[in-house]
Amino acid sequence: MRLKIIHISLFIVVCFSNAHSQNVDFGFTLSPLTLNKLEFDKPAIILNDYYSYDIGKTDPSLGYPSLLGLFSSGLYIRYNKYSWYLKAELNYQTKSFRYTHESIQFKKLYFYYSCVEIPIVIGIRLNRENVYKYKLQTGVNIEIGKFNHNSFVSPFYILGLHINENKAMLDRINPLIYYYHIGFGFDFYGISVDLRGEKNLTNLNKRMDQYNANFTNAYTIRIGLGFKISGKHWDKFRKQKIQLTK
């Protein structure tokens with residue numbers, strides 16, 4: 001799995017590196033806020049204790065426990081051509097889903113996991129000549145690997161807190177999932193803001209279970225932030241700032 005991530009990442013870097021340097025931007029990303037929802041195909045689910053739980057509402061979850069994007073971040077590279085651009089990201093992402101049991105003992109549970117994702121985006125800027133550049137975009141998101149958030153870089157792991165009570169569900173989800181997404185946003189010099197909506201394209205289940213509830217659809221709405229490290233517009237902004245201070 002690690003080799004697959006490295007190969008895909010190197011392929012993206014090589015493709016973009018062949019483009020003219022003035023058309024390429026590099027930077028880092030944050031996802032400070034996500035809204036996730038997971039749906040099932042049956043009204044009951046059986047976990048490791050072999051007890052059947054009635055699934056109640058699958059309410060949207062506000063990104064818990066991503067802690068305002070501290071554990072949902074990464075890098076991006078973007079190729080710009082006139083009003084069009086092609087962008088690839090390599091992110092560490094945490095997803096969480098909230099659902100309820102109709103039983104009295106378990107009213108509300110969170111199922112969450114961490115993963116590596118590679119969103120590939122194609123977009124168009126609607127007003128390329130302005131300082132504020134509004135844009136529309138679409139693309140695919142490749143989600144690779146699933147692991148318990150407690151088992152990676154996490155304050156919960158360091159403090160010995162085990163807040164994910166749904167490890168059995170983690171074992172059932174597919175380690176490789178493709179999503180499609182659409183969104184809009186704006187760029188202001190070296191800062192970009194995106195609002196994206198995602199839905200799975202491929203099967204969420206590692207294996208389908210005839211007598212147990214399976215995952216059907218996963219939805220995500222996220223606010224994404226990008227901060228440019230290098231690029232011609234960012235360099236121009238820095239030169240103007242230097243001239244103003246003289």
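Count residues from 1 along the sequence.
With S73 contributing its side chain and T29 its backbone, the two residues share no donor-acceptor pair below 3.5 Å. In this structure a side-chain-to-backbone donor-acceptor pair under 3.5 Å is missing from N205 to I173. Looking only at distances, no side-chain donor or acceptor of N217 sits under 3.5 Å from a matching main-chain atom of E39. In terms of modelled atom types and a separation under 3.5 Å, the side chain of K206 and the main chain of D171 share a donor-acceptor contact. A donor-acceptor pair is defined here as one N or O able to donate and one able to accept, closer than 3.5 Å; no such pair exists between the side chain of D194 and the backbone of R196. Using modelled atom types, one side-chain atom of N80 and one backbone atom of N23 make a donor-acceptor pair closer than 3.5 Å. Judged by distance alone, the side chain of N130 and the main-chain N or O of Y132 form no donor-acceptor pair under 3.5 Å. A donor-acceptor pair under 3.5 Å links the side-chain atoms of N200 to the main chain of A218, judged by distance alone. Side chain of K87 to backbone of I122: no donor-acceptor contact under 3.5 angstrom is found.
One finds the CG atom of L126 at 4.5 Å from the CG atom of L136 (value rounded to the nearest 0.5 Å). In this structure, CD1 on I229 lies 11.0 Å from CD1 on I77, to the nearest 0.5 angstrom. Taking CD of E198 as the reference point, atom CD1 of I221 lies at 10.0 Å (rounded to 0.5 Å). How far CG of L176 is from CD1 of I142: 7.5 Å, rounded to the nearest 0.5 Å.
Residues I144 and Y180 are members of one and the same hydrophobic cluster, defined by side-chain heavy-atom contacts under 4.5 angstrom among Ile, Leu, Val, Met, Phe, Trp and Tyr. No chain of hydrophobic side-chain contacts below 4.5 Å, direct or via other Ile, Leu, Val, Met, Phe, Trp or Tyr residues, connects I182 to I223. Two different hydrophobic clusters hold Y219 and L33 under the rule that ILVMFWY side chains link at heavy-atom gaps under 4.5 Å. There is no path of hydrophobic side-chain contacts, each under 4.5 Å, that joins Y85 to I124. V121 and L225 are members of different hydrophobic clusters when ILVMFWY side chains are connected at heavy-atom separations under 4.5 Å.
Residues F147 and L170 form no side-chain contact, since every pair of their non-hydrogen atoms from C-beta on lies 4.5 Å or further apart. In this structure the side chain of F26 reaches within 4.5 angstrom of the side chain of V24, judged on heavy atoms. In this structure, the side chains of H181 and Y179 stay at 4.5 Å or more apart for every pair of heavy atoms. Side-chain atoms of Y92 and S114, non-hydrogen and from C-beta on, do get closer than 4.5 Å to each other. The side-chain heavy atoms of Y76 and K228, taken from C-beta on, include a pair separated by under 4.5 Å. Side chains of V131 and F188 form a contact here, defined as non-hydrogen atoms less than 4.5 Å apart. A 4.5 Å side-chain heavy-atom check between N203 and M208 finds at least one atom pair inside the cut-off. The shortest distance between side-chain heavy atoms of R172 and N212 falls below 4.5 Å.
Of all the heavy atoms in C115 and G145, the pair that sits closest is CB-O, 2.9 Å. Between T34 and S31, the shortest heavy-atom contact is CG2-CB, 4.4 Å.
More than 12 heavy-atom neighbours from other residues, nucleotides or ligands sit within 6.0 angstrom of CG on L201. Counting heavy atoms of neighbouring residues, nucleotides and ligands inside a 6.0 Å radius, atom OH of Y178 does not exceed 12 of them.
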R128 and Y134: CA distance, side-chain angles, deciding distance, side chain to side chain contact (heavy atoms under 4.5 Å, CB included) verdict
CA-CA 8 Å; R128 184 168 62 97; Y134 299 99; over 6 Å; no
Walk me through whether D209 and N214 qualify under side-chain hydrogen bond (donor to acceptor under 3.5 Å, both in side chains).
CA-CA 7 Å; D209 196 325; N214 300 289; over 6 Å; no
Given side chain to side chain contact (heavy atoms under 4.5 Å, CB included), test I118 with V140 step by step and report yes or no.
CA-CA 8 Å; I118 305 177; V140 296; over 6 Å; no
Show the numbers, then the answer: is there a side chain to side chain contact (heavy atoms under 4.5 Å, CB included) between L35 and T220?
CA-CA 6 Å; L35 187 67; T220 297; over 6 Å; no
Stepwise ring pair (Phe, Tyr, Trp, His ring centres under 6.0 Å) check, F40 with F215:
CA-CA 5 Å; F40 301 87; F215 309 123; 5.7 Å; yes
The test is side chain to side chain contact (heavy atoms under 4.5 Å, CB included); show your working for V116 and L90 and say whether it passes.
CA-CA 7 Å; V116 174; L90 180 64; 3.8 Å; yes
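Judged by distance alone, the side chains of E143 and Y113 do bring a donor and an acceptor atom under 3.5 Å apart.
Pairs passing the salt bridge (Lys or Arg N to Asp or Glu O under 4.0 Å) check and including a residue from residues 173-190, sequence neighbours excluded, read R78-D187, R125-D187, K135-D187.
With sequence neighbours left out, E117 forms a side-chain hydrogen bond (donor to acceptor under 3.5 Å, both in side chains) with N91, N141, R222.
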